[in-house]
Engineer: 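Would you mind keeping the following structure in view while I ask a few things?
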Amino acid sequence: MNHRTDSYFPAEVERKWQARWDEEGTNTYTDAELRSTGGNGEPFFNLMMFPYPSAEGLHVGNIYAFTGADIYGRYQRLRGRDVFEPIGFDAFGIHSENFALKVGTHPMELIPRNVERFTRQLRRVGFMYDWNHQVDTTTPDYYRWTQWLFLQLYKAGIAVKKEAPVNWCPGCNTVLANEQVIAGECERCGSAVELRNLSQWFFRITDYAERLLANLDWLDWSDTTKRMQANWIGRSDGAEVSFPVVGHGESSVRVFTTRPDTLFGATYMVLAPEHPLVETIAAPAHADAVERYRAAVAATDLVNRKKTDKEKTGVDTGARALNPATGEEIPIWIADYVLMEYGTGAIMAVPAHDQRDFEFARKFELPIRRVIAGADDAPDTPLDEAYSGEGTLVNSGRFDGMDSEEAKREVTATLEERGLASVKVNYRLHDWCISRQRYWGPPIPILYCDSCGALPVPEEQLPVILPRIADYKPDASGVSPLARHSEWYLTECPGCGEEARRETDVSDTFLDSSWYFLRYPSAGNEELPFDPQLTRQWLPVDMYIGGNEHAVLHLLYSRFITMVLKDLGHIDFEEPFARFRAHGLIVKDGTKMSKSRGNVVVPDEYIEEYGADTFRTYLMFIGPYQEGGDFREAGITGPYNFLNRLWDAVLSAEERPLDAEVEQKLHATIKKCTEDLEALSYNTAIAAMMEYLNVVRAGGRVPELAAVEPFVVMVAPFAPHLAEELWERLGRSGSIFDAAEWPSFDPAKAIADEVEFVVQVNGKLRARMPMARGITEQDARTAALDDPNVQRFIEGKPVRKTIFVPDRLVNLVVG
RNA sequence: GCCCGGGUGGUGAAACCGGUAGACACAUCGGACUUAAAAUCCGAAGGCGCGAGCCGUGCGGGUUCGAAUCCCGCCCCGGGCACCA
């Protein structure tokens, strides 16, 4: 690799400043300072998603995410804010545990080692972290409060244990939250997830669905992230309708539909095979077939159950229901395309207007009746596929001729009067299953006593310490490895003093990360999870930057937990992150970096070779931060040369009045950089600085001191070490981040006096000419008509029309 | 299937609100310096054409004096959701 060796030695400069930051506490607050918010400005909580400390060490994706966030934090600090920028480690969970099992090292040894290595790497990149306030979710000092949090939810009735169909991963031997199942597969190991009826701990996040959705309207978050959350919550507006079961007295099948306007077209019904009503209503002659089908469905995993391209299956129960609109008797079937988890677990089938029902009806020769006519089709033509759009009602009695939208309301209202329907909203969101039959997590702080039942562990007994056990490998038994250790789980009942058993499940990792931002300012506090005064001062988080892979998981759970804590009176805000920006993904050769593809970039070598400042600047220069980019080895020399040239320019600068052209460019660059940093548009900010440097050094000229001094401040968020060193060599004292102010610009000076004017004839470029800024249309037109090339294209024809864009162009329309 | 984001030179990319397409870089080529190389500095460069010029932002239409940008219809890539009733 080729090197400059003359003057700038990044590794040396960077080590010097990293050591000095530590010695002088440049980036850290003492607890007292944090409490007084520094005193020279407003607090700014700059948060980034804390990493999972993998054994492979910090990867480029981490550095990319953190650099973009760190630049924003350093920029805010230069603008005078008191910036709190903490970091921590999200080290519990299946990921760590699986790796520990694979290498045969106990997680209690593995994790501290990984954390140590991550810490070393993070320091080397020069992030502005407050190392006095870090958190590690696996320390008893932290998970004590995670358990406390569980108890608050338990006491409020939000954490409940219930039997329900849950996602069981046969690879990881544990249940999973819905959010952790991707297309029927475990997000960790890719195994096909099975549905099992198990008693598990749930958080009732569905009670918060509407608030979680509604607040998205005003949150200042990336649109992509908000959209993903909204889709995940998945609100559907419709009606719940009762279909009386023929010959079963009062019993009826309740269905949820978003299309009550199609009710007249409901020619049969389908229950989920698991539906409890099946047993009571199935006709004796059909009972055997029904039982066989139910057993077959119970044996299928989620991947196969939820495949949309397979042929529909189902059986007739022999029971019949009354369509409340037509009064007709319609058959009740069971089929696995109807899911027990959504709505009521039963549907009214309208084959003419729902593709799934259409396919089912075709296969089993059930009647298809059109009740909606589209804008321009004849309602009598037979259908090749369901018409699922809206339209005008037909074959619908007194509703004929009404349009869908009105009919939805009218049909529902009519049935409502008869007590057969009600307006209903459904959400795709499920309750959050938080128990895991694994080892590496905080034990759920619940006790079971034969006489007193389930009891919370008294708060003063927290933390319930996770014991060190050797046989922490999970099995298919459905219970945690902790259940093999009676010496741990047998304890005294706080109610009656008799023997009680501890809950042996641990909680989901996402519970650890759902509140870590609240802990940061209070890290180390042994009395409280989060100090009320510090929380008021520093929260909610001012800026949160992270990846969209957590749009539904961490970000949703954090919002939920924050709402709960507000409702329980622990905090006074309900949204944890005032601003959130999602960064893009850094890829290599157009594909995601992964070990299996063999295209993982190891950052350490680049940092040693070129320095952290270069690496940071390079990553930000690759492409738009919020879109990501393609890592190319060769590209790093651009930013490397830039920083070297900047170094030379600053150190060779002399005291002398600013050249007018340089001054204009300086103001324009400050303006551009300021706007771009606000918008996280780092790649264009760097390009603007490069352009400015090209002007400052044009033709090998000696730069003016006044041209380079503000430059050092502008580059500081990107290349903090270099900036500190240059600041010192310019004879300034103190850290640039404390002593310097972000440069300001004069809008009048940011624009040039002379502009290059474009002359078009019939919209085609025919001439360019320098003109004074602010030139009038008349003068511009006269100058344009004077140009020989313009005349040539006008060919003596009359100018029919002139388009004038001030300071930009004249377009002469002829012919 | 539905909902997003994207498609611009050899490459990464830029382009405010519809107004010079390709800024800034990488790689390339040429030059200076050097015994030589590296480093550094200066310069060239979308394609076609000797040239005036013509063509050019995934494809096909449209609106407009003027379209990478707006509208309609497609294709491809990436992401999210998905028998969600």
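Quick note on labels: first sequence line is chain A, next is B, and so on, each numbered from 1.
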Engineer: Scan A:Tyr64, A:Phe621, A:Tyr606 and name whichever one has a ring-ring contact (aromatic ring centres under 6.0 Å, His included) with A:Phe631.
Structural biologist: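 Exactly one option meets the ring-ring contact (aromatic ring centres under 6.0 Å, His included) with A:Phe631, and it is A:Tyr606.
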Engineer: What integer number of Å spans the C1' atoms of B:G12 and B:A27?
Structural biologist: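 Comparing C1' positions in B:G12 and B:A27 gives a spacing of 11 Å.
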Engineer: Taking donor-acceptor contacts at under 3.5 Å, does the side chain of A:Lys307 reach the base of B:C83?
Structural biologist: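 Looking at the base of B:C83, it does not pair with any donor or acceptor on the side chain of A:Lys307 (distance under 3.5 Å).
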Engineer: From C-beta outward on A:Arg632, which listed nucleotide comes closest to its side chain: B:U40, B:C41, B:U11?
Structural biologist: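 Among the listed nucleotides, the one closest to the side chain of A:Arg632 is B:U11.
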Engineer: With a 3.5 Å cut-off and just heavy-atom distances, do the side chain of A:Arg645 and the base of B:C41 make a donor-acceptor pair?
Structural biologist: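 Side chain to base: no pair present.
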Engineer: For A:Val552, report the nucleic acid contact type (base, sugar-phosphate, nothing); a contact means any heavy atom under 4.0 Å.
Structural biologist: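 No contact at all - A:Val552 keeps every heavy atom at 4.0 Å or more from the nucleic acid.
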Engineer: Rounded to whole angstroms, how far apart are CD1 on A:Ile803 and P on B:A67?
Structural biologist: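 For the pair A:Ile803 CD1 and B:A67 P, the rounded distance is 12 Å.
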Engineer: Provide the distance between the two C1' atoms, one in B:G9 and one in B:A14, to the nearest whole Å.
Structural biologist: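 It comes out at 13 Å once rounded to the nearest Å.
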Engineer: Taking the cut-offs as 6.0 angstrom to the six-membered ring centre and 45 degrees off its axis, would you call A:Arg559 and A:Trp432 a cation-pi pair?
Structural biologist: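 Cation-pi check for A:Arg559 and A:Trp432: fails.
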Engineer: Report the nucleotide, chosen from B:A85, B:C24, B:U20, that has the shortest atom-to-atom distance to any side-chain atom of A:Arg808.
Structural biologist: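 When the side chain of A:Arg808 is considered, B:U20 is the closest of B:A85, B:C24, B:U20.
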Engineer: Output the single nucleotide from B:G53, B:A82, B:A85 whose closest atom is nearest the side chain of A:Arg428.
Structural biologist: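 Looking only at heavy atoms from C-beta outward on A:Arg428, the closest nucleotide is B:A82.
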Engineer: Apply ring pair (Phe, Tyr, Trp, His ring centres under 6.0 Å) to A:Tyr682 and list each qualifying residue two or more places apart in sequence or on a separate chain.
Structural biologist: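 With neighbours one apart ignored, the set is A:Tyr625, A:Phe718.
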Engineer: Find out whether the Lys NZ or Arg CZ of A:Arg581 is both under 6.0 angstrom from the six-membered ring centre of A:Trp221 and within 45° of the ring's axis.
Structural biologist: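 The answer is no, since A:Arg581 fails at least one limit relative to A:Trp221.
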